[in-house]
Trainee: 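Following this message is one structure expressed as structure tokens.
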Amino acid sequence: MRDRLRAAILAGELAPGTRLSVPELAKKLQVSRSPVREAVLLLVGEGLAVEHTRRGVEVARLSLADLLELYELRGAVEGLAAFHAAGRMSSTDLAALRGVLDAQGAAAFGDFRHFRELDVRFHQIIVDGCGNSRLQRHAHLLVREMNLARPLLVNDPQHLTRSHEEHRAVERALRQRDGPAAEAAMRQHLSRVLHTVKAHHHC
């Protein structure tokens with residue numbers, strides 16, 4: 001049940017601010033209230049939902065400040081992941097990364113949703129290839145929260161094209177098995193995205 005509700009939140013089917021009424025969800029999903037109540041509370045624990053005294057539980061809304069914090073954390077966590085992945089990724093992983101980047105280059109000019117899907121996949125392949133399970137767990141939690149910030153993301157083609165070029169730099173360092181260069185490229189990429197988001201929202 002939790003996986004079902006989480007998937008709906010991450011896919012945008014349950015938008016930020018949507019009230020998670022246990023009776024309504026149980027009726028809609030044709031299940032008893034108990035597993036729904038348990039699932040909703042677990043989502044609160046994950047940070048995907050928030051409990052309010054008067055309004056009950058709602059899908060979490062992320063502020064701009066929250067998003068900027070996420071990018072700072074991602075820079076540290078995914079930079080470290082890239083460092084380790086450089087020495088541990090298989091040739092199959094590297095080929096998959098190249099395929100994602102080839103598709104992403106075409107999506108930068110208009111197909112924003114597909115670009116974002118490929119962006120998540122790019123970062124996921126690197127995190128999954130780092131060989132550190134605790135680091136992977138934290139990185140995946142950050143990416144889940146990023147899904148709640150979708151309305152705040154910048155979809156300007158120039159910004160997406162630059163992100164794609166930065167992804168290429170990360171991929172080159174990984175292919176060369178250069179951990180420090182991969183870490184630096186990843187940190188630089190996410191730092192630049194953070195500053196672009198700040199500028200876009202006139203912080």
Side-chain angles (χ1 to χ4, degrees), residues 2 5-21 39-83 104 107-108 112-124 126-127 130 132 134-167 169-170 183-203:
R2 174 178 56 171
L5 290 176
R6 184 198 290 128
I9 291 171
L10 297 183
E13 293 164 18
L14 291 171
T18 301
R19 187 162 174 265
L20 298 176
S21 163
V40 166
L41 290 174
L42 288 169
L43 291 173
V44 170
E46 287 185 22
L48 292 180
V50 179
E51 192 167 9
H52 299 284
T53 308
R54 298 191 178 189
R55 298 198 301 274
V57 179
E58 295 178 347
V59 176
R61 307 170 194 256
L62 253 65
S63 68
L64 182 59
D66 293 327
L67 178 59
L68 298 178
E69 285 184 359
L70 280 171
Y71 274 120
E72 284 186 355
L73 272 173
R74 284 186 66 194
V77 171
E78 294 192 35
L80 186 59
F83 175 85
Q104 192 181 52
F112 304 140
R113 181 181 290 273
H114 191 42
F115 185 96
R116 293 291 174 201
E117 290 169 356
L118 292 166
D119 181 77
V120 170
R121 182 71 188 126
F122 172 82
H123 288 274
Q124 184 178 22
I126 295 170
V127 167
C130 79
N132 183 319
R134 285 176 175 78
L135 194 157
Q136 289 166 347
R137 189 161 64 246
H138 286 292
H140 291 154
L141 282 172
L142 293 175
V143 170
R144 275 186 204 156
E145 283 199 81
M146 286 290 299
N147 277 276
L148 301 174
R150 204 177 289 114
L152 297 169
L153 299 179
V154 179
N155 289 323
D156 174 67
Q158 186 177 356
H159 162 64
L160 298 185
T161 300
R162 192 159 176 197
S163 288
H164 178 251
E165 290 167 357
E166 290 163 354
H167 286 172
V170 174
E183 178 176 10
M186 181 64 83
R187 283 178 176 268
Q188 188 175 10
H189 162 54
L190 290 169
S191 176
R192 199 274 310 166
V193 172
L194 184 156
H195 289 298
T196 299
V197 170
K198 286 176 76 172
H200 181 78
H201 293 283
H202 310 293
C203 291

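The model shown is predicted, which means the values in this text are computed figures rather than measured ones.
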Trainee: Within this structure, what is the CE-CG distance for the pair Met146 and Asp119, rounded to the nearest 0.5 Å?
Mentor: 8.0 Å

Trainee: Drop me the distance from Ile126's CD1 to Gln136's CD, to the nearest 0.5 angstrom.
Mentor: 12.5 Å

Trainee: Can you confirm whether Met186 sits close enough to Phe83 that some side-chain heavy atom of one is under 4.5 Å from a side-chain heavy atom of the other?
Mentor: no

Trainee: I'd like to know whether Val193 forms a side-chain contact (heavy atoms from CB on, under 4.5 Å) with Val154, so could you lay out the CA-CA distance, the side-chain angles of the two residues, the decisive distance to 0.1 Å, and finally the verdict.
Mentor: CA-CA 9 Å; Val193 172; Val154 179; over 6 Å; no

Trainee: Taking only residues two or more places apart in sequence or in another chain, which ones pass side chain to side chain contact (heavy atoms under 4.5 Å, CB included) with Ala49?
Mentor: Leu20, Leu43, Val44, Val57

Trainee: CZ of Arg121 to NE2 of His114: how many Å apart, nearest 0.5 Å?
Mentor: 12.5 Å

Trainee: Please give me the minimum heavy-atom distance between Val59 and Leu14, naming the atom from each residue.
Mentor: CG1-O, 3.8 Å

Trainee: When you compare the side chains of His159 and Arg192, does any donor N or O come within less than 3.5 Å of an acceptor on the partner?
Mentor: yes

Trainee: How long is the straight-line distance from CZ of Arg2 back to CG of Leu48, given to the nearest 0.5 Å?
Mentor: 10.0 Å

Trainee: Show the nearest heavy-atom pair for residues Leu10 and Arg144, with the distance to one decimal.
Mentor: CD2-O, 3.5 Å

Trainee: Would you check if the side chain of His201 reaches a backbone N or O of Leu152 as a donor-acceptor pair within less than 3.5 Å?
Mentor: yes

Trainee: Below 4.5 Å, heavy atoms only, C-beta onward: do Val197 and Leu64 meet side chain to side chain?
Mentor: yes

Trainee: Looking at NE2 of His189 and NE2 of His164, how far apart are the two atoms once the value is rounded to the nearest 0.5 Å?
Mentor: 11.0 Å

Trainee: Could you tell me which non-hydrogen atom of Leu135 sits nearest to which non-hydrogen atom of Ala81, and how far apart they are?
Mentor: CD2-CB, 3.5 Å

Trainee: Under the side-chain contact (heavy atoms from CB on, under 4.5 Å) test against Phe115, which residue among Asn155, Thr161, Leu160 passes?
Mentor: Leu160

Trainee: For residues Arg116 and Leu153, report the shortest heavy-atom separation together with the two atoms involved.
Mentor: NH2-CB, 3.8 Å

Trainee: For Val50 and Ala60, work out which heavy atoms get closest and say how close.
Mentor: CG2-CB, 3.7 Å

Trainee: Mind checking whether Val143 and Gln124 have side chains closer than 4.5 Å, heavy atoms only?
Mentor: no

Trainee: To the closest 0.5 Å, what do you measure between NZ (Lys198) and OG1 (Thr196)?
Mentor: 11.0 Å

Trainee: Specify whether His167 and His123 have parallel, tilted or perpendicular ring planes, treating 30° as the upper limit for parallel and 60° as the lower limit for perpendicular.
Mentor: perpendicular

Trainee: Answer yes or no: does atom CD of Glu166 have more than 12 heavy-atom neighbours from other residues, nucleotides or ligands under 6.0 Å?
Mentor: yes

Trainee: Taking the side chain as everything from C-beta on, heavy atoms only, tell me whether Leu62 gets closer than 4.5 Å to Pro16.
Mentor: no

